[in-house]
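Input: a single structure, listed below in structure tokens.
Atom set for the values below is all heavy atoms of this structure, side chains included, hydrogens, waters and symmetry mates excluded.
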Amino acid sequence: MSEAEDQRRGPEARQHGDARPAARGNRELHADCARCFGICCVAPAFAASADFALDKPAGQPCPNLRPDSRCGIHQDLRQRGFPGCTVFDCFGAGQHVAQGTFGGRDWRADPSTARRMFDTFAVMRPLHELLWYLTEALALTPAGRLRDELAAALTETGRLTDGTPEELLAVDVDAQRDRVNRLLSRAGEQARAGRAGVDRRGAVLIGVDLRRAGLAGANLRGACLIGADLRGVDLGAADLTGADLRGADLRGADLGDCLFVHQSQLDAARGDHRTVLPAGLRRPAHWSLTVTPLRSPGGPRPSGGRSAGRRPNGGPAAGRRRR
């Protein structure tokens with residue numbers, strides 16, 4: 001669960017969960033950990049890194065996972081070396097697999113379901129991410145052929161998520177992602193018409209000082225911006241689909257009109273009270289609340305992350321596995 005979503009739900013809901021769906025349309029596209037079985041704490045492998053404090057093989061529960069499927073160090077994840085867990089959002093895939101695909105059967109109570117459940121989650125999560133992007137694209141796109149194609153893709157992707165475990169495991173996720181990415185790219189271009197800026201899609205910009213780069217209206221789909229210096233930058237109408245913002249410095253930046261920004265991207269970055277956010281997104285709890293003067297472009301640059309993790313096709317990625 002992202003830090004902002006966690007903050008919104010309140011202390012009691014964070015500890016015990018609530019049953020309110022965070023929905024877009026008829027689909028739940030935000031994590032509701034209270035209705036999951038800690039799947040993202042078990043199914044994926046963790047590699048000891050700046051994101052995770054330990055190595056964990058796939059299919060083995062994280063040592064911090066409690067028997068009630070809650071995280072034992074949830075309030076102290078960043079301090080205990082698990083910042084990667086704080087920025088993960090399954091886009092509602094966890095509760096869909098747990099309560100829908102497997103009808104509420106907990107893998108602990110029915111160990112025979114464990115492997116299929118974990119494998120199914122690895123398919124469901126990217127499909128739910130695509131549903132989120134398609135929903136965003138529909139909100140941006142006026143009536144016409146492109147909107148009809150987006151609506152058809154949303155319906156088709158939703159149909160795939162409603163399949164049985166066997167049907168889901170047979171889905172070609174890469175092919176579906178490629179089809180949807182082409183539509184999303186067109187939707188982004190149309191939304192940026194008349195405001196389009198530089199094309200830096202897929203660019204590796206780790207730790208780069210971008211304060212004079214002129215990124216308003218830029219195409220930054222799939223760009224690797226780990227540790228990039230974006231302080232005070234106007235990112236109006238920039239397309240940030242799949243952009244990796246881990247450790248990026250967004251203090252004082254204007255993201256108000258950015259396209260396809262989701263909460264976990266902000267949770268992975270750094271910012272402050274001056275950072276302008278897109279509508280519907282929340283300021284992460286760990287962002288600085290103090291006023292920090294912006295250095296001149298000739299000042300020190302932040303160091304980059306420990307790994308880049310470029311995303312394929314400049315669009316939604318399968319996602320790093322963490323909780």
Does any non-hydrogen side-chain atom of [Y] lie less than 4.5 Å from one of [X]?
| X | Y | value |
| --- | --- | --- |
| Thr113 | Trp107 | yes |
| Val97 | Met117 | yes |
| His30 | Gln263 | no |
| Gln190 | Leu146 | yes |
| His286 | Thr86 | no |
| Val180 | Tyr133 | no |
| Leu266 | Trp287 | yes |
| Phe82 | His74 | no |

Is there a donor-acceptor pair closer than 3.5 Å between any side-chain N or O of [X] and the backbone N or O of [Y]?
| X | Y | result |
| --- | --- | --- |
| Arg200 | Leu215 | no |
| Arg147 | Leu138 | yes |
| Asp55 | Ala48 | yes |
| Ser185 | Arg182 | no |
| Asp229 | Arg211 | no |
| Gln265 | Val87 | no |
| Arg125 | Phe91 | no |
| Lys56 | Pro63 | no |
| Glu149 | Leu183 | no |

- Query: Does CZ in Arg80 sit with more than 12 non-hydrogen atoms of other residues, nucleotides or ligands closer than 6.0 Å?
  - Reply: no
- Task: Decide if atom CZ of Arg192 counts as having more than 12 heavy atoms of other residues, nucleotides or ligands within a radius under 6.0 Å.
- Result: yes
Is [X] salt-bridged to [Y], cutoff N-O under 4.0 Å?
| X | Y | value |
| --- | --- | --- |
| Glu156 | Arg179 | no |
| Arg70 | Asp68 | no |
| Arg116 | Asp119 | no |

- Task: Evaluate the side-chain contact (heavy atoms from CB on, under 4.5 Å) criterion for residues Phe260 and Leu140: first the C-alpha distance (whole Å), next the side-chain angles of each, then the deciding distance (0.1 Å), finally the verdict.
- Result: CA-CA 10 Å; Phe260 303 119; Leu140 292 170; 3.8 Å; yes
- Verify the cluster assignment for Val261 and Val276: are they in a single hydrophobic cluster under the rule of side-chain heavy atoms below 4.5 Å apart? no
Taking all heavy atoms of [X] and all of [Y], pick out the closest pair and write down the distance.
| X | Y | value |
| --- | --- | --- |
| Cys40 | Phe88 | CB-CE2, 3.6 Å |
| Leu131 | Gly158 | CD2-N, 3.6 Å |
| Arg78 | Pro83 | NH1-CB, 3.9 Å |
| Thr164 | Thr101 | C-CG2, 4.4 Å |
| Arg274 | Arg283 | N-NH1, 4.4 Å |
| Ala45 | Ala58 | CB-N, 3.6 Å |

- Task: Step by step, work out the side-chain hydrogen bond (donor to acceptor under 3.5 Å, both in side chains) result for Arg186 and Thr141.
- Result: CA-CA 10 Å; Arg186 288 168 55 196; Thr141 307; over 6 Å; no
- Task: Specify whether His96 and His128 have parallel, tilted or perpendicular ring planes, treating 30° as the upper limit for parallel and 60° as the lower limit for perpendicular.
- Result: perpendicular
Rounded to the nearest 0.5 Å, what's the gap from [atom1] on [X] to [atom2] on [Y]? Could you check?
| X | Y | atom1 | atom2 | answer |
| --- | --- | --- | --- | --- |
| Leu77 | Phe52 | CG | CZ | 10.0 Å |
| Asp267 | His262 | CG | NE2 | 10.0 Å |
| Arg115 | Thr120 | CZ | OG1 | 10.5 Å |
| Ile39 | Asp106 | CD1 | CG | 8.5 Å |
| Leu230 | Asp234 | CG | CG | 11.5 Å |
| Leu220 | Leu210 | CG | CG | 8.5 Å |

- Item | Derivation and outcome, side-chain hydrogen bond (donor to acceptor under 3.5 Å, both in side chains), residues Asp239 and Thr241 | CA-CA 6 Å; Asp239 186 340; Thr241 305; 2.6 Å; yes
- Task: Name all residues meeting the ring pair (Phe, Tyr, Trp, His ring centres under 6.0 Å) criterion together with Phe102; count only those two or more places apart in sequence or in a different chain, and write none if there are none.
- Result: none
- Task: Carefully, step by step, assess Arg177 and Asp174 under the rule salt bridge (Lys or Arg N to Asp or Glu O under 4.0 Å).
- Result: CA-CA 5 Å; Arg177 185 184 292 119; Asp174 288 337; 3.0 Å; yes
